[in-house]
Amino acid sequence: MEVLYSSTRSKKNPVKASEAILKGLSEDGGLFVPDRIPTLDKTLEELSEMTYGQVAYEVMKLYLTDFTEQELKECIAKAYDEKFDTEEIAPMVEAEGAYYLELFHGATIAFKDMALSILPHLLTTSAKKNHVKNEIVILTATSGDTGKAALAGFADVEGTRIIVFYPKNGVSKIQEKQMVTQKGKNTYVVGIHGNFDDAQTGVKQIFGDKELAAYMDEKGFQFSSANSINIGRLVPQIVYYVYAYVKLLKEERIAGKEKINVVVPTGNFGNILAAFYAKQMGLPIDRLICASNENKVLFDFFKSGTYDRNREFVLTSSPSMDILISSNLERLIYRIAGNDPDKNKELMAALSSGGSYTITDEMKGQLADFYGNYADEQETAKTIHDLYDRTGYVIDTHTAVAACVYGKYKEETKDTNTTVIASTASPYKFTRSVINAIDCQYDAMEDFELVDKLAEISGVEVPKAIEEIRKAPVLHDHICEKTQMKQMVMDFLGI
């Protein structure tokens, strides 16, 4: 049965999956959502005997219903291959009674690889299916990880160009070096004077510029997105929660249909929304634990029912979560509003004009599956230190936020459910913060000296992704004001 996609802000003109992937964002500014959440059509026991790629097919076929079996399997085969540095695409490590789902073994050592490895293939397949003649321009804002993963995925992919905007002083040195050394004639990286929310707002404004879209079309271009607002990013993220569950089942860590909890370090809300969708599909998930850093807009939302971005923006050691406008939350709001685009549109207009909105008590009642909490900088560092001290296992700052919040949840609820923590980045991506948390005596070292010290401390080999950029030349040195983003796009395209 076909799944169609409509905007969170209008029921008009639903589109097929391939069209939603191509557009990225609806013309009315809304996000594409499926008209129904499909149910898993294989048993958990059947899925437990499958590889990651096979599980990916069984999940994604239910959402991307206008892709043929061959098309989808080809996309999956090209995505989940030798670019991952472990035989298992997403291995799990048990530490102190929780299972850390390591989602960082791809080309850019962050969880974004799990979805961005496949997006270019989904997008180019979608273009062929829809007889697109224009060159596709991927336009993306990043808080650090999406940018590099998207650049790596789209570099030199025929028929595409990619432009990434990032906050100039709002990402780690390793993250920045990964982006500005990116090869590929079709790649363009720009640092903006501003924060991630400024970059994301600028990108959304460019997407919503109808005159620019018409001019682009005239010149043979059209925009699409690689951010988690693209349904082609969200659907592949559902896979790793299904895979984690059935892996626990196969290893007899849980019994059939036993409920687990999932903890996700959360910024733009896409990753935990994927876990929510997995639960709606029938995966036995009990609580969805949403972990925030000091930019705790989501914690406050789950506690009060009010989403309020009117607050100080804090630069933290977990920069991929330094976000005050969590775009993907709109998909959840739409759902708890009874799939009512008018109600959702009203709330999003309030967020745009006044910076906040408050949901009804009835809507808040539908959030019982979620638990929100946050970790400050001191708690994040202590979590890294203590876990290493007790077990020798090293985690990055984002994963530490999740682990700390999980500790608070357990203390508060006494819940003993088996729990999976999404480990979203390699500690090598945030080496200085991780090393300082373990032992601050090395702070005077250069960034790549710290990389070698972390290898010594952890016993984990330096990832290829880090070795590649150690001496790589800077190829992108573009910087602009947030008001100049549109002009930067046009300059790159030569229009």
Side-chain angles (χ1 to χ4, degrees), residues 47-60 75-96 98-121 145-146 148-149 152-153 174-175 178 236-251 253 262-265 271 274 320 384 387-388 391-400 402-403 420-431 434 451-452 454-470:
L47 291 168
S48 72
E49 298 300 322
M50 297 181 185
T51 64
Y52 189 90
Q54 290 168 333
V55 172
Y57 174 73
E58 294 302 331
V59 172
M60 293 172 66
C75 289
I76 289 166
K78 287 173 183 172
Y80 304 119
D81 57 11
E82 67 282 348
K83 70 174 73 69
F84 287 83
D85 65 12
T86 48
E87 191 175 333
E88 206 169 354
I89 299 294
M92 270 195 293
V93 174
E94 186 178 5
E96 295 200 314
Y99 292 91
Y100 288 81
L101 179 65
E102 293 187 343
L103 300 169
F104 54 75
H105 290 281
T108 74
I109 57 174
F111 83 100
K112 307 290 173 75
D113 287 324
M114 303 297 295
L116 273 166
S117 292
I118 194 167
L119 183 59
H121 306 295
D145 286 340
T146 286
K148 173 58 183 178
I174 297 286
Q175 284 177 310
Q178 282 188 301
Q237 289 182 285
I238 299 168
V239 176
Y240 46 73
Y241 295 109
V242 177
Y243 181 74
Y245 186 94
V246 298
K247 182 175 165 56
L248 288 171
L249 188 62
K250 183 173 185 177
E251 294 177 357
R253 313 266 185 168
V262 170
V263 191
V264 187
N271 203 355
S320 297
I384 294 170
L387 187 63
Y388 172 75
T391 69
Y393 185 53
V394 180
I395 55 174
D396 90 294
T397 45
H398 303 74
T399 308
V420 171
I421 295 175
S423 185
T424 53
S426 165
Y428 283 100
K429 202 144 195 175
F430 305 93
T431 316
V434 171
V451 164
D452 295 329
L454 183 57
E456 184 187 314
I457 288 170
S458 66
V460 176
E461 191 178 340
V462 178
K464 183 182 168 189
I466 297 294
E467 289 295 359
E468 282 176 349
I469 63 167
R470 196 185 282 263

Between [atom1] on residue [X] and [atom2] on residue [Y], distance to nearest 0.5 Å:
X      : Y      : atom1 : atom2 : result
Leu101 : Tyr99  : CG    : OH    : 12.5 Å
Asp145 : Ile109 : CG    : CD1   : 8.5 Å
Lys247 : Tyr52  : NZ    : OH    : 12.5 Å
Asn271 : Thr424 : CG    : OG1   : 7.0 Å

For [X], enumerate each residue passing the salt bridge (Lys or Arg N to Asp or Glu O under 4.0 Å) test, keeping only those at least two apart in sequence or located in another chain.
X      : result
Glu94  : Arg253
Asp452 : Arg470
Glu456 : Lys453
Lys148 : none

If you compare all heavy atoms of [X] against all heavy atoms of [Y], which two are closest, and at what distance to 0.1 Å?
X      : Y      : answer
Ala455 : Val462 : CB-CG2, 3.8 Å
Thr108 : Lys429 : O-NZ, 2.7 Å
Pro427 : Asp396 : CA-CB, 3.7 Å
Leu116 : Thr146 : CD1-O, 3.6 Å
Ile118 : Ala115 : CG2-O, 3.2 Å
Gly153 : Pro120 : O-CG, 3.3 Å

Residues in side chain to side chain donor-acceptor pair (under 3.5 Å) with His105, at least two apart? Asp85, Glu102

Who are the side chain to side chain donor-acceptor pair (under 3.5 Å) partners of Thr51, not counting sequence neighbours? Gln54

Which residues share a side-chain contact (heavy atoms from CB on, under 4.5 Å) with [X], sequence neighbours left out:
X      : value
Ala274 : Leu234, Gln237, Ile238, Tyr241
Val246 : Leu44, Leu47, Ser48
Tyr388 : Val394, Ile438, Ile457

For Tyr428, what residues pass the ring pair (Phe, Tyr, Trp, His ring centres under 6.0 Å) criterion, not counting sequence neighbours? none

With sequence neighbours left out, the residues meeting ring pair (Phe, Tyr, Trp, His ring centres under 6.0 Å) with Tyr393 are Tyr100

Tell me, with the steps shown, if Met92 and Leu248 meet side-chain contact (heavy atoms from CB on, under 4.5 Å). CA-CA 9 Å; Met92 270 195 293; Leu248 288 171; 3.7 Å; yes

Is a side-chain N or O of Lys83 found less than 3.5 angstrom from the main chain of Lys78, in a donor-acceptor match? yes

So, does Tyr240 use its side chain to make a donor-acceptor pair with the main chain of Ala56 at under 3.5 Å? no

Just do the side-chain contact (heavy atoms from CB on, under 4.5 Å) check on Ser320 and Gln175 with the steps written out, would you? CA-CA 10 Å; Ser320 297; Gln175 284 177 310; 3.5 Å; yes

Just so I know, are the side chains of Pro236 and Met60 near enough to count as touching, which here means a heavy-atom distance under 4.5 Å? yes

Measuring only between side-chain heavy atoms, which start at C-beta, is Pro91 closer than 4.5 Å to Phe84? no

When Phe104, Phe430, Phe111 are each screened for ring-ring contact (aromatic ring centres under 6.0 Å, His included) with His398, the one that passes is Phe430

How would you list all residue pairs meeting salt bridge (charged side-chain N to carboxylate O under 4.0 Å, His left out) that involve residues 107-119, not counting sequence neighbours? none

Checking side-chain contact (heavy atoms from CB on, under 4.5 Å) for the pair His121/Ile76: CA distance, chi angles, key distance, verdict? CA-CA 8 Å; His121 306 295; Ile76 289 166; over 6 Å; no

